[in-house]
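Below, chain A is the first sequence line, B the second, and so on; all start at residue 1. Keep in mind that what you see is a predicted model, and the values were worked out from it rather than measured.
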Amino acid sequence: MGLKIASWNVNSVKIRTEAVSQWISEAQPDVLCLQEIKCQDNSFPRTLFEDLGYNIALLGQKSYNGVAILSKWPISDVTLGLPTFPEDEQARYLEAVIGLPDEAVRVASIYLPNGNPPDTGKYEYKLRWMDALRQHARTLLTYEETLVLGGDYNVIPTPADAANPAAWVGDALFLPDTRRHFRGLLNLGLRDALRACTNEAGLYSFWDYQAGAWQRNNGIRIDHLLLSPEAAGRLEASGIDKHVRGREKPSDHVPVWAVLN
DNA sequence: ATGCCGGGCGAAGCCCGA
């Protein structure tokens with residue numbers, strides 16, 4: 001069977017309760033990292049997901065951001081926010097240990113800042129956040145655990161990850177500094193799960209609501225699962241559930257997933 | 001196309017996302 005770990009920016013969990021429960025019922029992930037839940041912990045639809053058989057860890061925030069981890073297995077050792085960025089005021093990082101019957105797997109749900117427009121403090125914040133993530137990931141890797149850092153990285157890693165890369169030149173998702181910081185994560189020894197399985201172009205995880213981006217398949221791949229060497233050695237498959245974007249009231253992102261043996 | 005759609009908030013219109 002394997003351990004299925006997924007990540008999905010749902011763009012408001014309250015609006016997306018039906019879509020999320022439908023996908024969960026079909027895809028049956030063991031662990032699901034959610035981003036942009038856009039609600040405080042006390043208004044998260046907790047019982048809905050508990051009834052589907054999930055334990056829940058939350059770092060909510062009013063109106064914006066907010067991350068969650070759902071797990072069929074027990075959750076412990078929850079970390080709220082990046083330990084390397086304690087003054088961060090935005091709910092963008094949640095980490096927990098998933099207790100499988102005979103092992104533990106560490107998982108993080110990440111909502112990396114967008115960073116636009118690039119000539120502002122928003123971009124400085126993005127790069128600072130990426131520095132803090134790299135610093136923390138370096139520590140996590142010393143544990144030599146099965147580790148999955150899943151989330152909306154707001155990074156287009158390469159031109160092959162955009163339908164129209166020229167349109168993203170100068171954008172905070174694709175600037176050389178952004179891509180350099182992302183490579184910094186990979187160069188720690190983390191592996192992009194999807195790219196460990198395929199070099200195929202045309203695989204996207206986000207399509208803008210505007211300008212018929214979905215209808216034209218004008219997408220970008222910005223949601224990623226980064227794996228420690230221990231996790232990468234167990235990787236059986238990885239994919240993107242593109243069809244979810246074509247449903248009623250979709251998020252602009254779709255679920256990405258990996259299966260470990 | 002530095003906002004065309006679609007969220008939140010809160011009850012009109014602005015802030016935000018990528």
Side-chain angles (χ1 to χ4, degrees), chain A residues 7-21 23 33-45 58-68 88-93 109-130 133 150-182 202-224 240 242 244-256:
Chain A
S7 176
W8 191 6
N9 179 325
V10 292
N11 186 17
S12 170
V13 73
K14 289 186 207 169
I15 287 285
R16 224 66 68 194
T17 48
E18 189 57 43
V20 178
S21 52
W23 182 79
C33 301
L34 297 176
Q35 299 87 37
E36 281 208 270
I37 61 172
K38 292 187 171 178
C39 67
Q40 292 172 306
D41 293 5
N42 58 15
S43 55
F44 187 86
L58 288 175
L59 180 61
Q61 183 171 4
K62 188 178 170 68
S63 305
Y64 303 114
N65 312 311
V67 284
D88 191 12
E89 292 180 354
Q90 303 188 18
R92 295 181 174 276
Y93 184 90
S109 181
I110 293 168
Y111 178 43
L112 210 145
N114 174 306
N116 279 308
D119 57 348
T120 66
K122 292 191 176 186
Y123 192 59
E124 292 171 23
Y125 173 62
K126 177 176 194 158
L127 295 184
R128 182 179 180 196
W129 212 96
M130 294 185 86
L133 177 59
D152 174 4
Y153 281 75
N154 272 315
V155 175
I156 303 167
T158 76
D161 299 305
N164 182 12
W168 297 94
V169 171
D171 190 283
L173 278 64
F174 195 55
L175 280 173
D177 263 348
T178 304
R179 295 174 59 194
R180 190 174 301 122
H181 279 67
F182 188 75
L203 301 175
Y204 312 127
S205 65
F206 169 91
W207 295 259
D208 200 295
Y209 288 119
Q210 302 175 86
W214 167 245
Q215 289 75 12
R216 301 171 185 208
N217 195 28
N218 181 17
I220 51 178
R221 192 175 70 93
I222 56 174
D223 299 270
H224 311 296
I240 301 178
K242 177 178 181 178
V244 173
R245 185 64 176 80
R247 292 182 172 169
E248 290 300 309
K249 282 195 80 67
S251 169
D252 39 7
H253 299 249
V254 296
V256 301

| request: Write down the distance separating the P atoms in B/dC4 and B/dC15, rounded off to the nearest Å. | output: 14 Å
| said: Using atom P in both nucleotides, what's the gap between B/dA1 and B/dC14 to the nearest angstrom? | reply: 24 Å
What's touching nucleotides 11-13 of chain B from the protein side, N or O pairs under 3.5 Å?
none

| request: Could you check how far CH2 of A/W8 sits from P of B/dG7, rounded to whole Å? | output: 13 Å
| task | For the side chain of A/K249, starting at C-beta, report the closest nucleotide among B/dG6, B/dG7, B/dG8. | result | B/dG7
Anything under 3.5 Å between a protein N or O and an N or O of nucleotides 1-3 of chain B, put it in a table, one pair a line.
residue: B/dG3; atom: N2; partner: A/Q210; partner atom: NE2; Å: 2.7
residue: B/dG3; atom: N3; partner: A/Q210; partner atom: NE2; Å: 2.8

| field | Spacing of A/Q215 atom CD relative to B/dC5 atom C1', expressed in whole Å | value | 11 Å
| message | With a 4.5 Å cut-off on side-chain heavy atoms, are A/H224 and A/F182 touching? | response | yes
| Close side-chain approach of A/K242 to A/N217, heavy-atom, < 4.5 Å | yes
| said: Please determine whether any donor N or O and acceptor N or O are separated by less than 3.5 Å between the side chain of A/Y64 and the base of B/dC15. | reply: yes
| request: For A/D171 and B/dG17, give me the distance from atom CG to atom P, rounded to whole Å. | output: 12 Å
| task | Determine whether A/L175 and A/Y123 make a side-chain contact, defined as any pair of heavy atoms from C-beta on separated by less than 4.5 Å. | result | yes
| request: Pick out which of A/L173, A/N116, A/D177 makes a side-chain contact (heavy atoms from CB on, under 4.5 Å) with A/K126. | output: A/L173
| task | Looking only at side-chain atoms of A/R92, point me to the closest of B/dC16, B/dC9, B/dG17. | result | B/dG17
| request: Mind checking A/K126 for me? I need base, sugar-phosphate or nothing, with any heavy atom below 4.0 Å counting as a touch. | output: nothing
| So, do A/Q35 and A/S109 sit near enough that their side-chain heavy atoms are less than 4.5 Å apart? | yes
| Which nucleotide in the list B/dG17, B/dC15, B/dC9 gets nearest to the side chain of A/K122? | B/dG17
| query | Between the side chains of A/Y125 and A/T120, is a donor N or O closer than 3.5 angstrom to an acceptor N or O? | reply | no
| remark: Taking every heavy atom of A/I240 against every heavy atom of A/R221, the minimum-distance pair comes out as CD1-CD, 4.1 Å
| task | Return the 5'-most residue of the pair A/D152, A/G212 with respect to DNA chain B, ranking by each residue's nearest nucleotide. | result | A/G212
| task | Determine whether A/W8 and A/V244 make a side-chain contact, defined as any pair of heavy atoms from C-beta on separated by less than 4.5 Å. | result | yes
| Validation row: A/Y204, A/N218 side chains within 4.5 angstrom (heavy atoms) | no
| query | For atom C1', what is the distance between B/dA11 and B/dG17, given to the nearest Å? | reply | 22 Å
| task | Answer yes or no: is there a side-chain heavy-atom contact under 4.5 Å between A/D152 and A/Y111? | result | yes
| query | Heavy atoms under 4.0 Å, any strand shown: does A/N154 hit a base, just sugar-phosphate, or nothing? | reply | sugar-phosphate
| Can you tell me if the side-chain N/O atoms of A/R16 get under 4.0 Å from OP1 or OP2 in B/dG7? | yes
| Can you check the A/D252 CG to B/dG8 P distance for me, whole Å? | 12 Å
| field | Whole-Å gap separating C1' (B/dG7) and NE2 (A/H253) | value | 12 Å
| message | I need the CH2-C1' distance between A/W207 and B/dG6, as an integer number of Å. | response | 17 Å
| So, the side chain of A/W214 versus the backbone of A/Y209: is there a donor-acceptor pair under 3.5 Å, distance only? | no
| request: With heavy atoms under 4.0 Å as the rule, sort A/N65 into base, sugar-phosphate or nothing. | output: nothing
| query | Atom CZ of A/R216 to atom P of B/dC4: distance rounded to whole Å? | reply | 15 Å
| How far, in whole Å, is B/dA12 from B/dG6 if one measures between their P atoms? | 22 Å
| query | Contact class for A/Y111 (heavy atom, under 4.0 Å): base, sugar-phosphate, or nothing? | reply | sugar-phosphate
| said: Tell me the interatomic distance from A/K62, atom NZ, to B/dC16, atom P, rounded to whole angstroms. | reply: 15 Å
| Which part of the nucleic acid does A/N9 contact within heavy-atom distance under 4.0 Å: base, sugar-phosphate only, or nothing? | sugar-phosphate
